[in-house]
*Asks:* 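Sending over a structure as structure tokens; questions will come in a sec.
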Amino acid sequence: MASRTSGLGTGNLADPFGAFRAQCEEALQKGYAAFQKKSGKPLPEVDLHSTLESPPDPSFGQLASSISFELSRTQKTNPMAIAKDIAIASAHLEQLPLVASVEAAEPGYVNFRVNIAKLADLTVGKILQEGSTYGLLKTDQPKRVIVEHTSANPARPIHIATAKGGFFGDALTRLLMARGHDTKARFYIDDAGRQVAIMAYGYRLLGEPGPKEKSDHFVGKIYSITAALVEVAEAKKRLELLRKTQASDLDMIAANKALDEWVGVAADLQAKYPAEFEWLSQAVANDADPNVSVQELTQKYEKGEPATRELVRKVTQMVLNGHEETLRRAFIHFDEWDWEGDVLWSGRVAEVLDRLKETGFATNKGRSWEFDAARVVETFNLKEKLGVSPSFEVPPLTLTRSDGTTLYTARDIAYSMYKFEKADRVITVIGVEQSIAQFQLRVALWVLGHKKEAQNYYHFPIGIVSLEGQKMSARRGRYVTLDQVLDEAVARSAAEVNKRSADLSPDLRKRVAENIAISAVRYAVLSVEAAKSTNFVWDRALNFEANSAPFINYAYTRGLGILRKLGRIEPATRFERLVEPVERELVLQLAKFPETFATAADTLDPTQLCLYANVLAQRFHEFYEKVDISHLSDEELKRQRAGLVVAVRTVLLAAADLLGLRLAERM
RNA sequence: GGGCUGGUAGUCGAGCCAGGACCAAGACGGCGGCCUGCGGAGCCGCAAAUCGUGGGUUCGAAUCCCACCCAGCCCGCCA
């Protein structure tokens with residue numbers, strides 16, 4: 001096998017397009033050297049690699065250099081003349097078999113045409129030889145990486161904004177792992193926050209019932225109702241206080257508005273869940289001060305008081321059971337689940353607080369503690385060192401409440417240090433709205449002496465997902481759950497599958513519908529840049545015509561259809577006859593998989609891979625329509641084309657796998 | 001008020017970081033074609049874009065710089 005790929009020249013042959021690129025660069029190097037000699041003048045060093053780009057049309061070849069434009073400036077010659085000189089001098093291609101020709105083209109490009117026969121032979125041969133590992137170029141700097149993502153608040157079902165983080169986090173994990181990094185996905189359970197305390201409070205008031213439906217939905221309902229009732233009580237209390245102290249009109253108006261809003265939310269919930277609402281509102285009304293009760297729960301839980309601990313863990317675990325079920329169904333995998341409570345009880349948070357106080361950058365404000373991040377940033381010039389713009393706003397970070405309990409970001413500092421005990425690089429996938437808190441966290445790491453960690457901590461921001469133009473809000477009960485979306489998607493794809501593939505067994509049809517639907521939802525999310533805000537619209541999210549996942553799956557299915565029809569045939573060993581235009585485009589796309597994969601992994605950009613898979617499917621559909629395979633009498637060509645189909649199938653599967661899509665064999 | 005992110009056809013969205021053939025990918029929607037040889041969730045074609053606005057840098061700007069406008073988000077003893 002090794003001898004078969006010999007004679008293809010320099011470059012990494014596991015990366016066919018990269019090898020072609022390397023050979024073009026070499027040719028260009030020769031051309032440039034000759035041009036330098038000829039001109040007699042000293043010429044600047046040019047980064048030849050960066051002048052090579054993909055031309056817009058195949059008639060210009062497959063790579064082109066814009067070097068002549070750059071040189072024309074210093075040479076005072078027109079670019080076309082330079083391009084001609086370089087092209088002629090570059091055209092000694094004996095050692096560069098993947099380059100078919102070098103030509104100058106108006107207005108001054110140096111165009112490189114690929115030897116498609118050689119490239120096809122190399123690419124398809126490699127893919128068939130390496131199978132599912134083709135293109136998964138390993139990094140030469142493997143790191144231990146933790147991707148923390150999803151980390152849905154365990155007080156309600158996972159909604160689609162959280163799920164967006166889950167899909168990206170999961171794809172990043174797969175990408176980095178394939179790239180050769182020792183990568184683990186972790187879910188951070190925020191069991192010590194106020195939302196969970198409210199949930200536990202309501203759950204206890206109801207007498208700690210067992211779930212009557214999917215457990216996260218059941219408990220989430222209790223949480224939403226309790227939160228609304230507690231907020232209404234709190235808002236009323238505040239309003240009264242303001243009246244007594246004769247506060248400004250502005251404050252009164254704001255307080256009134258807040259009360260109105262929560263009364264409205266409560267009314268909605270009452271209409272939706274009358275029985276639970278009735279019971280809880282009675283119970284909350286009997287409590288002299290619901291907020292104090294919630295506060296007590298938080299305090300006791302931080303201290304690890306046994307009864308509270310048992311209550312909170314019990315109800316949180318119920319929600320998590322629901323989360324796990326949803327995540328499993330959505331193909332989102334975790335290696336570890338970390339409880340915030342454990343971080344707290346281990347003493348890590350207290351230690352972080354103590355050490356921050358020792359630095360002198362934490363000050364006592366009233367009875368709470370505040371971290372003066374801005375002063376740290378200024379003192380150590382951290383904006384530059386941590387890579388944010390000079391104008392980036394750095395407000396102070398409140399670490400503890402005046403009752404001594406800790407706040408989320410303070411606990412998160414301790415947790416991030418915990419993550420760094422197990423990793424060289426930490427990626428936290430969380431909403432863009434947390435940019436400031438995430439930066440404050442890095443500043444804290446720095447001032448605590450973890451400079452390298454502060455630099456290797458990466459916030460992967462997820463853009464806002466809104467619902468009919470409004471931000472989703474679990475507290476306000478305004479959200480769409482991932483379960484709802486998956487159910488609806490499966491229902492729609494099942495209807496299609498039943499219509500199109502009535503011959504399949506009901507069991508198989510069900511599995512196919514599930515794979516298509518869930519892959520479609522994942523693809524819809526992953527194919528749009530993570531940081532972009534999106535408006536969730538049911539019809540668009542579930543429109544399979546507009547979604548590329550079924551399109552990609554269909555290419556895969558069609559490929560299998562051809563191979564099934566061919567039956568067992570003798571495999572080809574050469575692929576040099578795949579030179580039709582549609583074959584050339586298909587081979588080129590296959591040849592580009594390794595570099596696409598490496599870039600996607602290194603730049604943390606799964607979206608690029610989505611686009612790649614879409615284009616590959618597109619090229620395959622074009623190929624499918626244009627050329628024959630099973631009807632060929634030319635047996636050798638038939639075998640070579642069959643090999644190409646196998647190669648496409650292999651790469652589609654590999655790309656899908658990196659994105660967490662499951663391709664159905666029939667659909 | 002300040003900060004962050006974004007603004008590309010009717011709609012959604014690549015390209016921007018690493019400026020080049022951009023008279024700008026792809027998709028939805030619109031219009032018109034293609035099933036008596038591999039499954040039409042497909043293929044082929046047409047129409048549709050002041051690349052938010054105005055300056056600047058450059059041989060060359062959707063891409064870099066500056067100003068402004070618009071939208072979303074953040075600036076909490078929530079997360």
Side-chain angles (χ1 to χ4, degrees), chain A residues 47 49-51 53 55-57 60 64-66 68-70 72-73 78-79 105-109 111 151 153 190 193-195 365-370 388-389 391-409 411-412 430-437 439 461 463-464 466 469 471 474-475 493 496-497 500-501 516 527-529 531-535 537 539-540 543-555 557-566 603 607-608 610-611 614-615 617-618 620-622 624-631 645 666-667:
Chain A
D47 176 15
H49 185 85
S50 72
T51 71
E53 61 190 359
D57 190 283
F60 296 133
S65 171
S66 55
S68 336
F69 298 102
E70 211 155 319
S72 71
R73 194 174 323 170
N78 84 62
E106 292 288 356
Y109 291 93
N111 290 339
S151 302
N153 208 312
D190 178 22
R194 182 176 154 85
Q195 299 199 14
K365 290 267 166 169
R367 292 162 63 200
S368 75
W369 283 86
E370 202 174 84
V388 303
S389 84
S391 48
F392 194 85
E393 198 172 32
V394 191
L397 169 68
T398 306
L399 297 165
T400 63
R401 300 186 180 94
S402 44
D403 70 354
T405 54
T406 57
L407 260 7
Y408 181 82
T409 308
R411 300 189 294 266
D412 205 10
I430 200 163
V432 63
E433 66 272 22
Q434 296 212 37
S435 299
I436 289 178
F439 184 68
I464 304 289
S466 51
K471 199 188 168 192
R475 292 206 301 165
S493 81
E496 285 300 301
V497 173
R500 293 169 197 268
S501 302
I516 291 173
S527 60
V528 180
E529 204 183 314
K532 246 179 193 168
S533 17
T534 44
N535 192 8
V537 182
D539 277 341
R540 194 152 49 219
N543 180 358
F544 290 171
E545 296 297 312
N547 189 296
S548 291
F551 178 80
I552 292 165
N553 201 145
Y554 188 50
T557 305
R558 279 181 140 180
L560 285 177
I562 296 172
L563 297 173
R564 200 179 303 120
K565 174 145 187 169
L566 286 174
T603 59
T607 303
Q608 270 185 57
C610 283
L611 295 167
N614 187 38
V615 172
Q618 209 168 316
F620 182 74
H621 285 303
E622 288 158 16
Y624 181 95
E625 300 281 343
K626 200 90 174 213
V627 304
D628 281 330
I629 298 177
S630 64
H631 330 291
V645 174
R666 302 278 309 267
M667 62 187 289

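Chain letters run A, B, ... following the sequence lines, proteins first and then strands; every chain starts at 1. We use all heavy atoms of the structure for the numbers below, so side chains are in, but hydrogens, waters and symmetry mates are not.
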*Asks:* Would you indicate which nucleotide in A79(B), C59(B), G42(B) comes nearest to any side-chain atom of T409(A)?
*Replies:*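 Taking heavy atoms from C-beta onward, the closest nucleotide is A79(B).
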*Asks:* Counting side-chain heavy atoms from C-beta on, which of G6(B), G42(B), A79(B) comes nearest to E625(A)?
*Replies:*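 Nucleotide nearest to E625(A)'s side chain: G42(B).
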*Asks:* G13(B) and G6(B): how far apart are their C1' atoms, nearest whole angstrom?
*Replies:*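 Rounded to whole Å, the distance is 13 Å.
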*Asks:* Just name whichever nucleotide pairs with A25(B), Watson-Crick or G-U, keeping both distances under 3.5 Å, else none.
*Replies:*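 A25(B) is unpaired by these criteria.
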*Asks:* Which of the following nucleotides, A21(B), G42(B), G72(B), is nearest to the side chain of A64(A)?
*Replies:*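 Per side-chain heavy atoms of A64(A), the pick is A21(B).
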*Asks:* Using a 4.0 Å heavy-atom cut-off, does N111(A) contact any base of the nucleic acid, only the sugar-phosphate backbone, or nothing at all?
*Replies:*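 The answer is base, as N111(A) lies within the cut-off (heavy atoms under 4.0 Å) of a base atom.
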*Asks:* Rounding to a whole Å, what distance do you find between I552(A):CD1 and G42(B):C1'?
*Replies:*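 Result: 14 Å.
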*Asks:* Among A21(B), C77(B), C78(B), find the nucleotide with the atom closest to the side chain of P56(A).
*Replies:*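 Looking only at heavy atoms from C-beta outward on P56(A), the closest nucleotide is A21(B).
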*Asks:* Tell me the interatomic distance from D57(A), atom CG, to C22(B), atom P, rounded to whole angstroms.
*Replies:*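 Rounding to the nearest Å, CG of D57(A) and P of C22(B) are 9 Å apart.
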*Asks:* So D628(A), base contact, sugar-phosphate only, or nothing? Heavy-atom distance under 4.0 Å.
*Replies:*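 Base contact - D628(A) has a heavy atom under 4.0 Å of at least one base atom.
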*Asks:* If you look at every strand shown and take non-hydrogen atoms under 4.0 Å, does P55(A) touch a base, only sugar-phosphate, or nothing?
*Replies:*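 Here P55(A) touches the bases of the nucleic acid.
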*Asks:* What does C59(B) pair with, Watson-Crick or G-U, if both distances are under 3.5 Å?
*Replies:*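 With both distances under 3.5 Å, C59(B) matches G20(B).
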*Asks:* Would you mind classifying the nucleic acid contact of I516(A) as base, sugar-phosphate or nothing, using non-hydrogen atoms under 4.0 angstrom?
*Replies:*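 Base, at least one base atom sits under 4.0 Å.
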*Asks:* Between T557(A) (side chain only) and N553(A) (backbone N and O only), is there a donor and an acceptor less than 3.5 Å apart?
*Replies:*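 A pair under 3.5 Å: yes.
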*Asks:* Which nucleotide, G6(B), A41(B), C78(B), lies nearest any side-chain atom of K532(A)?
*Replies:*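 In terms of side-chain proximity for K532(A), the closest of G6(B), A41(B), C78(B) is G6(B).
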*Asks:* Give the nucleotide from the list C78(B), A41(B), G1(B) with an atom nearest to the side chain of E393(A).
*Replies:*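 Nearest to the side-chain atoms of E393(A), counting from C-beta on, is G1(B).
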*Asks:* Any strand counts, and the cut-off is 3.5 Å on both contacts for Watson-Crick or G-U wobble. Which nucleotide pairs with A67(B)?
*Replies:*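 Base-paired to U53(B).
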*Asks:* Using a heavy-atom cut-off of under 4.0 Å over every strand shown, decide if Y408(A) touches base, sugar-phosphate, or nothing.
*Replies:*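 Y408(A): base contact, heavy atoms under 4.0 Å.
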*Asks:* The side chain of A437(A) is closest to which nucleotide in this list: A79(B), G13(B), C75(B)?
*Replies:*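 Selected nucleotide: A79(B).
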*Asks:* Under 3.5 Å for both donor-acceptor distances, Watson-Crick or wobble: does G1(B) have a partner, and if so which one?
*Replies:*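 C75(B) is the nucleotide pairing with G1(B).
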*Asks:* Looking at R500(A) and G39(B), is any side-chain donor or acceptor paired with a base atom of the opposite kind under 3.5 Å?
*Replies:*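 Per atom types, no contact qualifies.
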*Asks:* Has T534(A) got a side-chain N or O lying under 4.0 Å from the OP1 or OP2 atom of C12(B)?
*Replies:*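 Negative; the distance criterion is not met.
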*Asks:* Give a yes or no on whether the backbone of W369(A) and the side-chain of T400(A) come within a donor-acceptor separation of less than 3.5 Å.
*Replies:*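 Flag set: sc T400(A) to bb W369(A) pair under 3.5 Å.
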*Asks:* Can you tell me which nucleotide in C43(B), G40(B), G72(B) comes closest to the side chain of I464(A)?
*Replies:*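 Output: G72(B).
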*Asks:* Output the single nucleotide from G42(B), A79(B), G39(B) whose closest atom is nearest the side chain of T557(A).
*Replies:*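 For the T557(A) side chain, the nearest candidate turns out to be G39(B).
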*Asks:* Starting from C1' on G42(B), measure out to OH on Y624(A) and report it in whole angstrom.
*Replies:*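 Roughly 8 Å, once rounded to whole Å.
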*Asks:* In whole angstrom, give the distance that lies between atom CD of Q608(A) and atom C1' of A25(B).
*Replies:*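 It is 14 Å, rounded to the nearest whole Å.
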*Asks:* So what does V497(A) touch, heavy atoms closer than 4.0 Å: a base, only the sugar-phosphate, or nothing?
*Replies:*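 Result for V497(A) = base.
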*Asks:* Donor-acceptor check, side chain of H621(A) to backbone of F551(A), threshold 3.5 angstrom: yes or no?
*Replies:*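 Side chain of H621(A) to backbone of F551(A): a pair is present.
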*Asks:* Both S493(A) and E70(A) contact RNA chain B. Which one's nearest nucleotide lies toward the 5' end?
*Replies:*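 Of the two residues, E70(A) wins.
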*Asks:* Could you check whether R367(A) gets within reach of a base, just the sugar-phosphate, or nothing at all, counting any heavy atom under 4.0 Å?
*Replies:*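 Since no nucleic acid heavy atom lies under 4.0 Å of R367(A), the category is nothing.
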*Asks:* For L407(A), answer base if it contacts any base atom (sugar-phosphate contacts may also be present), sugar-phosphate if it contacts only those atoms, and nothing otherwise; contact means non-hydrogen atoms under 4.0 Å.
*Replies:*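 It contacts sugar-phosphate atoms only.
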*Asks:* By nearest atom, which of the nucleotides A41(B), G72(B), A14(B) is closest to the Y554(A) side chain?
*Replies:*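 The nucleotide sitting nearest to the side chain is A41(B).
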*Asks:* Counting any heavy atom closer than 4.0 Å, what does S402(A) reach on the DNA or RNA strands: base, sugar-phosphate only, or nothing?
*Replies:*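 Here S402(A) touches the bases of the nucleic acid.
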*Asks:* Classify S50(A) by what it touches in the nucleic acid, base, sugar-phosphate, or nothing, heavy-atom distance under 4.0 Å.
*Replies:*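 The residue S50(A) makes no contact with any strand.
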*Asks:* So what does E370(A) hit on the nucleic acid, given a heavy-atom distance under 4.0 Å: a base, only sugar-phosphate, or nothing?
*Replies:*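 Nothing, no heavy atom under 4.0 Å.
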*Asks:* If we take the P atom in both A27(B) and U63(B), what is their distance in whole Å?
*Replies:*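 These two P atoms come out 25 Å apart once rounded.
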*Asks:* Below the 4.0 Å mark, does U5(B) have OP1 or OP2 next to a side-chain nitrogen or oxygen of S435(A)?
*Replies:*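 Checking U5(B) against S435(A), no side-chain N or O comes under 4.0 Å of OP1 or OP2.
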